[in-house]
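Have a look at the structure below before the remarks.
Quick caveat: nothing in here was measured; it's all calculated off a predicted structure.
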Amino acid sequence: MPDSRAPAPRSRRPRGLDDRDVAILRELQANARITNAELSRRVHLSATPCMERVRRLEREGYIDSYATLLNPERLDAALLVFVELTLDRTSKDAFAAFSEAVQQIPEVLECHMVAGGFDYLLKIRARDMTDYRRLLGEALVSIPGVSQTHTYVVMEQIKEGVALPIHSE
């Protein structure tokens with residue numbers, strides 16, 4: 001006899017999505033330039049209902065935007081570094097000032113406030129080590145409140161992706 005106090009198993013599929021929605025999202029993550037005709041063929045829908053579903057997924061916020069991924073080596077941004085950054089004080093004003101300043105640095109691809117031994121983790125692309133050293137000295141450590149940085153240079157990229165896992169269970 002099952003234990004009635006045990007929680008019901010949770011579905012891992014996001015609420016409000018059915019299997020076709022999940023299939024559409026997977027296809028669009030793999031290739032955002034796919035035509036509606038090809039997308040509808042792959043998810044086994046006719047073109048109009050497929051387009052209506054895509055528009056609904058956009059409207060409801062499941063799809064934030066569409067992007068083109070560029071080759072950093074071809075665009076003179078081959079050096080990838082991660083930087084642990086610590087502020088000298090952790091106050092609402094310090095966080096706001098740092099957030100505003102870091103958004104002005106185009107080489108910073110991502111910036112995450114984290115819990116742990118430092119305040120922020122940054123993902124940065126630069127041309128080479130000389131370019132990164134300039135960026136570190138002129139942009140990062142000159143932000144008011146920055147007290148410490150630790151740089152980790154990526155020697156080999158094993159896996160990179162932007163596709164979110166979407167479960168259909």
Side-chain angles (χ1 to χ4, degrees), residues 6-17 21-34 54 57-169:
R10 285 182 12 163
S11 170
R12 294 188 61 181
R13 178 182 1 173
R15 242 184 305 203
L17 298 181
D21 293 331
V22 168
I24 289 169
L25 292 174
R26 284 184 180 147
E27 291 293 336
L28 288 174
Q29 280 196 117
N31 179 6
R33 289 178 49 125
I34 191 171
V54 170
L57 292 166
E58 291 170 343
R59 190 174 53 251
E60 292 177 0
Y62 290 99
I63 299 172
D64 276 339
S65 64
Y66 298 89
T68 300
L69 301 178
L70 305 177
N71 182 330
E73 291 184 18
R74 299 281 300 178
L75 295 167
D76 226 8
L79 183 68
L80 176 61
V81 297
F82 289 91
V83 179
E84 294 177 355
L85 188 140
T86 305
L87 300 180
D88 58 10
R89 59 187 173 77
T90 54
S91 68
K92 185 177 180 180
D93 292 344
F95 291 146
F98 176 78
S99 176
E100 186 176 322
V102 80
Q103 301 220 20
Q104 304 307 311
I105 306 170
E107 294 88 349
V108 176
L109 304 181
E110 297 179 21
C111 178
H112 306 274
M113 179 187 273
V114 297
F118 55 96
D119 298 310
Y120 293 95
L121 180 64
L122 287 69
K123 180 179 179 180
I124 296 174
R125 281 278 182 186
R127 180 175 46 253
D128 53 27
M129 189 55 75
T130 301
D131 186 42
Y132 172 68
R133 177 71 179 100
R134 178 203 51 78
L135 176 72
L136 179 65
E138 293 176 9
L140 289 179
V141 298
S142 67
I143 297 172
V146 172
S147 67
Q148 191 173 34
T149 64
H150 293 290
T151 299
Y152 300 91
V153 177
V154 174
M155 294 172 37
E156 180 182 2
Q157 188 169 299
I158 306 300
K159 179 181 178 182
E160 181 178 55
V162 295
L164 294 174
I166 308 169
H167 302 284
S168 59
E169 308 164 343

Q: Walk me through it: do Ile158 and Glu156 pass the test side chain to side chain contact (heavy atoms under 4.5 Å, CB included)?
A: CA-CA 6 Å; Ile158 306 300; Glu156 180 182 2; 3.7 Å; yes
Q | Flag, side chain of Arg26 to backbone of Ile166, donor-acceptor distance under 3.5 Å | A | yes
Q) Arg125 side chain to Val108 main-chain N or O, any donor-acceptor pair under 3.5 Å? A)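 Checked: no pair found.
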Any chance you could measure [X], atom [atom1], to [Y], atom [atom2], to the nearest 0.5 Å?
X	Y	atom1	atom2	value
Asp119	Thr90	CG	OG1	6.5 Å
Leu57	Leu17	CG	CG	6.5 Å
Leu122	Glu107	CG	CD	11.5 Å
Leu121	Glu110	CG	CD	8.5 Å

Q) So with a 6.0 Å cut-off around CD of Glu100, is the heavy-atom count from everything else above 12? A) no
Q) Going through the checks in order, is the side chain to side chain contact (heavy atoms under 4.5 Å, CB included) test met by Glu84 and Tyr152? A) CA-CA 8 Å; Glu84 294 177 355; Tyr152 300 91; 3.4 Å; yes
Which atom names give the shortest non-hydrogen contact between [X] and [Y], and what distance separates them?
X	Y	result
Asp21	Gly16	OD2-O, 3.8 Å
Leu135	Ile124	CD2-CG2, 3.5 Å
Leu109	Pro106	CD2-O, 4.3 Å
Asp131	Arg134	OD1-NH2, 2.8 Å
Ala163	Gln29	CA-OE1, 3.0 Å
Phe98	Leu87	CD1-CD2, 4.0 Å

**Q.** CA sep, side-chain torsions, deciding dist, call: Leu85, Phe118, side chain to side chain contact (heavy atoms under 4.5 Å, CB included)
**A.** CA-CA 6 Å; Leu85 188 140; Phe118 55 96; over 6 Å; no
**Q.** Worked check of side chain to side chain contact (heavy atoms under 4.5 Å, CB included) between Glu27 and Ile24
**A.** CA-CA 5 Å; Glu27 291 293 336; Ile24 289 169; 5.9 Å; no
Q. Is there any side-chain hydrogen bond (donor to acceptor under 3.5 Å, both in side chains) pair reaching into residues 138-151, and which pairs are they, with sequence neighbours excluded?
A.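 side-chain hydrogen bond (donor to acceptor under 3.5 Å, both in side chains) check on residues 138-151 returns Tyr132-Thr151.
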